[in-house]
Amino acid sequence: MNIIVTGILLSGTYALVALGLTLQYGVARIMNLGNGETLVAACFVAFWLYTGFSINPLVGLLIIAPAAFAINWGIYAVALQPLVKRAKNRGQLEVDSILATFGLLFLMQGLMILFFGGEYRSYTFLAERFEIFGNAYGLNRVVAFVAAAIIAAGLWFFLYRTRQGTALRAVAVDPTSANLVAIDVARTAAFAFALGGALTACGGALLSTFYTFNASMGVVFTMKALIIVIMGGVGDVRGAVLAALILGISETFVASVIDPGLTLAATYGLFILVLLFRPQGIFGRAPT
């Protein structure tokens, strides 16, 4: 039970990061390899706001999320939209976007090292005992999970109960057909990319409340987000949440029962199994 609860608490932040990449890839067709750097940047901003200005990280989300939204919209408009316009097909766009965001990864990482240094950072926030089923957990982890669940629920409501959310889902399914029913595909894709960046930043801010981080660890979270997206089914929000839950529990089990050093190996092992036996994802349909 301890492993299950700890894994569930960890999966909340994983889900936000993966949902961000799901929107960016599923709607905007951009495989953003700089996704993890967005998370780490949010960790540093949350750290700076808390230690420098005593701003609660949860309140800091009201600053971090809009800032990440605006910055990611700018990145899409300046660096990625020209690639979208010149791409002759989806395959070319995916290759070009991977190369472009691969460079963005190192640019963001270098800027963070310049401004924050390369050492590990952490801060103390709600470091108190909280009992669940008789076992003690960090209150910061519980609060981060609850906040992540609320944000994810808000995203679900937006996607399935609003006009703009319906437009996002339509573009994800078929951009050409969406254009025929008066949906501005280019603007919707930019919005999806920016919203995905904001979700990832929220995940980073929440993760910083209980996790030690540094400027070079973004690539690890990019890979985890990619694994979750593929495991859940590209563009499927339900699948991303369930896959994040599976990954969180799997990592916790390996770290607790076998060896913490094998956590990443177990993650990639799970990824390989999915590619071999369920490449379309949990809720995806096999190609016919």
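It should be emphasised that the depicted structure is a prediction, and the values quoted were computed from it without experimental measurement.
Counting heavy atoms from C-beta on, the side chains of Ile151 and Leu155 never come closer than 4.5 Å. Considering only heavy atoms from C-beta on, Cys43 comes within 4.5 Å of Leu39 through its side chain. A 4.5 Å side-chain heavy-atom check between Cys202 and Ile64 finds every atom pair outside the cut-off. Side chains of Leu80 and Thr101 form a contact here, defined as non-hydrogen atoms less than 4.5 Å apart. Considering only heavy atoms from C-beta on, Leu93 stays 4.5 Å or farther from Arg86 through its side chain. In this structure, the side chains of Leu206 and Leu61 come closer than 4.5 Å at one or more pairs of heavy atoms. Considering only heavy atoms from C-beta on, Leu226 comes within 4.5 Å of Met31 through its side chain. At a threshold of 4.5 Å between non-hydrogen side-chain atoms, the residues Arg141 and Phe130 do not count as touching.
Residue pairs that meet the ring-ring contact (aromatic ring centres under 6.0 Å, His included) test with at least one member in residues 213-233, sequence neighbours left out, are Phe44-Phe213, Tyr211-Phe221.
In this structure a side-chain-to-backbone donor-acceptor pair under 3.5 Å is missing from Thr209 to Ala205. Here the side chain of Asn179 pairs no donor or acceptor atom with the backbone of Pro175 at under 3.5 angstrom. Of the possible donor and acceptor atoms, one in the side chain of Thr222 sits under 3.5 Å from a partner among the backbone N and O of Gly36. Listed for the Arg29 side chain is a donor-acceptor partner under 3.5 Å among the backbone atoms of Ala172. In this structure a side-chain-to-backbone donor-acceptor pair under 3.5 Å is present from Arg121 to Phe116. Counting only distance, with no hydrogens or angles, the side chain of Tyr50 and the backbone of Thr124 share a donor-acceptor pair below 3.5 Å. In this structure, Thr162 contributes its side chain and Gly165 its backbone to a donor-acceptor pair below 3.5 Å. In terms of modelled atom types and a separation under 3.5 Å, the side chain of Arg129 and the main chain of Leu139 share no donor-acceptor contact. Put simply, the side chain of Ser97 gets close to the backbone of Glu94: a donor and an acceptor are under 3.5 Å apart.
Here the closest heavy-atom approach between residue Glu37 and residue Gly218 is recorded as OE2-CA, 3.4 Å. The nearest pair of heavy atoms linking Leu19 to Ala152 is CD1-CB, 4.2 Å. Taking both residues in full, the closest heavy atoms of Pro82 and Ala79 are given as CD-C, 4.0 Å, listed atom of the first, atom of the second, then distance. In terms of heavy atoms, Thr38 sits closest to Gly197 at CG2-O, 3.6 Å. Taking both residues in full, the closest heavy atoms of Leu195 and Leu168 are given as CD2-CD1, 4.5 Å, listed atom of the first, atom of the second, then distance. Residues Thr212 and Met217 share a closest heavy-atom pair of O-SD, 4.0 Å.
Note that CG of Asn72 and CD of Gln24 are 6.0 Å apart. Values are rounded to the nearest 0.5 Å. The CD1 atom of Ile230 sits 11.0 Å away from the CD1 atom of Ile228 when rounded to the nearest 0.5 Å. How far OG1 of Thr263 is from CD1 of Ile258: 9.0 Å, rounded to the nearest 0.5 Å. Taking CG of Leu16 as the start and OG1 of Thr22 as the end, the distance is 11.0 Å to the nearest 0.5 Å. The CG atom of Leu49 sits 4.5 Å away from the CD1 atom of Ile55 when rounded to the nearest 0.5 Å. A distance of 10.5 Å separates CD in Glu119 from CD1 in Ile113, rounded to the nearest 0.5 Å.
Tested against Leu21 for a side-chain contact (heavy atoms from CB on, under 4.5 Å), the candidates Leu33, Thr200, Ile30, Asn35 yield a single pass: Asn35.
Both Leu107 and Leu114 belong to a common hydrophobic cluster when Ile, Leu, Val, Met, Phe, Trp and Tyr are linked at side-chain heavy-atom distances under 4.5 angstrom. Leu99 and Leu104 are assigned to two separate hydrophobic clusters, defined by single-linkage of ILVMFWY side chains at heavy-atom distances under 4.5 Å. Residues Tyr120 and Val220 fall into different hydrophobic clusters, defined by Ile, Leu, Val, Met, Phe, Trp and Tyr side chains chained together at heavy-atom separations under 4.5 Å. Transitive grouping of hydrophobic side chains (ILVMFWY, heavy atoms separated by less than 4.5 Å) keeps Ile63 and Leu207 in distinct clusters. Follow the hydrophobic side-chain contacts under 4.5 Å out from Val27 and you reach Ile98 in the same cluster.
At most 12 heavy atoms of other shown residues, nucleotides or ligands fall within 6.0 angstrom of atom CZ in Phe157. Atom OH of Tyr160 has more than 12 heavy atoms from other residues, nucleotides or ligands within 6.0 Å.
In this structure, the ring of Phe53 has its center less than 6.0 angstrom from the ring center of Trp48. You'll find the ring centres of Tyr137 and Phe210 outside the 6.0 Å limit.
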Item to complete: List the steps, then state whether side chain to side chain contact (heavy atoms under 4.5 Å, CB included) holds for Val185 with Thr176.
Response: CA-CA 8 Å; Val185 174; Thr176 303; over 6 Å; no

Item to complete: Show the numbers, then the answer: is there a side chain to side chain contact (heavy atoms under 4.5 Å, CB included) between Leu159 and Gln164?
Response: CA-CA 7 Å; Leu159 289 176; Gln164 181 67 33; over 6 Å; no

Discussion item. Under the criterion side chain to side chain contact (heavy atoms under 4.5 Å, CB included), I'd like the reasoning laid out for Thr13 against Phe145: C-alpha separation, chi angles, the key distance, then a yes or no.
Written reply: CA-CA 7 Å; Thr13 49; Phe145 173 81; over 6 Å; no

Practice prompt. Begin with the C-alpha distance, continue with both residues' side-chain angles, and end with the deciding distance and a verdict on ring-ring contact (aromatic ring centres under 6.0 Å, His included) for Phe69 and Phe191.
Written response: CA-CA 9 Å; Phe69 183 92; Phe191 179 84; 5.6 Å; yes

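Residues passing the ring-ring contact (aromatic ring centres under 6.0 Å, His included) test with Phe193 are Tyr76, sequence neighbours excluded.
Between Phe102 and Phe106, the ring planes lie perpendicular to each other; the angle is over 60°, past the 30° to 60° tilted range.
For Tyr123 and Ser208, the side-chain atoms include at least one donor-acceptor pair closer than 3.5 Å.
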